[in-house]
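All figures in this text were calculated on a predicted structure; none of them were measured in a lab. Numbers here simply count residues along the sequence, with the first being 1.
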Amino acid sequence: QLQLVESGGGLVQPGGSLRLSCVAPGFSTDYYAIGWFRQAPGKEREGVSCIGYSDDSTYYIDSVKGRFTISRDNAKKTVYLQMDSLKPEDTAVYFCAGNTIRSSCQVFVSYEYDFWGPGTQVTVSS
């Protein structure tokens, strides 16, 4: 069973930074696009960012462009989400997920992401 594990969440003040990590224990994420999603209380889950394997393509939703940076280290089987200039509206549970259908992230098709981690809480508050 393919499963991912997130870490790096926590409580941070507005304007602060966090770096989330997504690790694939026991298997290789080679050939899979990896995405980050978030779900705030009372809201639907939304795709935040993704990164491709085959072409290093990336995608960001408008609300995080210029503040979040996604990257991957294939040797460490880890994908990172660097989050800077955090805002209270970034508060959510953040999930990483893998796409077994597509290795590129030139388009971000949320429903194609079919293996997930349990999530990590990010709280932005003063």
Side-chain angles (χ1 to χ4, degrees):
Q1 183 177 1
L2 302 179
Q3 187 165 13
L4 302 168
V5 178
E6 305 93 341
S7 62
L11 173 63
V12 63
Q13 292 186 342
S17 298
L18 285 173
R19 189 177 78 158
L20 305 183
S21 298
C22 172
V23 178
F27 68 97
S28 173
T29 56
D30 289 359
Y31 311 117
Y32 303 143
I34 300 294
W36 284 98
F37 297 75
R38 66 186 180 186
Q39 187 165 21
K43 295 187 177 180
E44 292 187 357
R45 186 174 62 198
E46 65 174 348
V48 175
S49 179
C50 65
I51 186 165
Y53 172 80
S54 58
D55 55 4
D56 280 337
S57 52
T58 58
Y59 168 90
Y60 300 92
I61 56 171
D62 287 345
S63 60
V64 307
K65 283 181 180 177
R67 300 189 298 121
F68 290 11
T69 304
I70 192 170
S71 62
R72 68 191 297 164
D73 184 333
N74 291 329
K76 295 183 178 180
K77 299 188 292 184
T78 302
V79 173
Y80 304 98
L81 186 67
Q82 177 67 41
M83 305 187 297
D84 299 317
S85 302
L86 283 162
K87 304 175 181 180
E89 51 263 43
D90 295 316
T91 296
V93 178
Y94 283 71
F95 303 87
C96 64
N99 184 336
T100 59
I101 297 173
R102 195 184 302 269
S103 62
S104 171
C105 199
Q106 293 185 3
V107 292
F108 190 1
V109 185
S110 297
Y111 61 78
E112 291 183 345
Y113 286 78
D114 50 4
F115 61 99
W116 295 78
T120 185
Q121 177 70 46
V122 171
T123 303
V124 185
S125 175
S126 54

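Residues Gln82 and Ser17 share a closest heavy-atom pair of NE2-CB, 3.9 Å. Nearest heavy atom pair, residue Arg67 against residue Ser85, reads NH1-O, 3.0 Å. Among all heavy-atom pairs drawn from Leu4 and Pro118, the shortest one is O-CD, 3.4 Å. Contact record, Ala97 with Tyr113: O-CD2, 3.4 Å, taken as the closest heavy-atom pair. When all heavy atoms of Ala92 and Gln121 are compared, the closest pair comes out as O-NE2, 3.4 Å. Closest of all the heavy-atom pairs between Gly117 and Phe95 is O-CD2, 3.6 Å.
Side-chain atoms of Val64 and Arg38, non-hydrogen and from C-beta on, do get closer than 4.5 Å to each other. By the 4.5 Å heavy-atom criterion applied to side chains, Glu6 and Leu20 are not counted as neighbours.
Between Leu18 and the choices Thr120, Val12, Leu81, the side-chain contact (heavy atoms from CB on, under 4.5 Å) rule is met once, by Val12. With Asn74 as the fixed residue, the side chain to side chain donor-acceptor pair (under 3.5 Å) test singles out one of Lys76, Lys77, Arg72: Arg72.
Between the side chain of Ser57 and the main chain of Cys105, a donor-acceptor pair closer than 3.5 Å is present. For the pair Arg102 (side chain) and Gly52 (backbone), a donor-acceptor distance under 3.5 Å is absent.
A single hydrophobic cluster is not seen to contain both Tyr53 and Ile34; linkage of ILVMFWY side chains at heavy-atom distances under 4.5 Å, directly or through other members, places them apart. Leu86 is not connected to Tyr80 by any chain of hydrophobic side-chain contacts under 4.5 Å among Ile, Leu, Val, Met, Phe, Trp and Tyr, and they are in different clusters. Linking ILVMFWY residues whenever their side-chain heavy atoms come closer than 4.5 Å, directly or via other members, places Trp116 and Ile70 in the same cluster. Tyr94 and Val23 are not part of a single hydrophobic cluster, where members link through side-chain heavy atoms under 4.5 Å apart. Both Val79 and Tyr60 are assigned to one and the same hydrophobic cluster, defined by single-linkage of ILVMFWY side chains at heavy-atom distances under 4.5 Å.
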With ring pair (Phe, Tyr, Trp, His ring centres under 6.0 Å) as the criterion, how do Trp36 and Phe68 come out once you've worked through the C-alpha distance, each side chain's angles and the decisive distance to 0.1 Å? CA-CA 11 Å; Trp36 284 98; Phe68 290 11; 9.9 Å; no

Where do Ser49 and Thr58 land on the side chain to side chain contact (heavy atoms under 4.5 Å, CB included) test, with the steps shown first? CA-CA 7 Å; Ser49 179; Thr58 58; 5.6 Å; no

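Atom OH of Tyr59 sits about 7.0 Å away from atom CD1 of Ile61, to the nearest 0.5 Å. In this structure, the separation between OH on Tyr111 and CG on Asn99 is 10.0 Å, given to the nearest 0.5 Å. Rounding to the nearest 0.5 Å places CG of Leu11 at 9.5 Å from OG of Ser126. To the nearest 0.5 Å, atom OG1 of residue Thr100 and atom CD of residue Glu112 are 8.5 Å apart. Remark: Met83 CE to Arg19 CZ distance equals 11.5 Å, nearest 0.5 Å.
Under 4.0 Å is where a charged nitrogen must lie from a carboxylate oxygen, and between Lys87 and Asp90 no such pair does.
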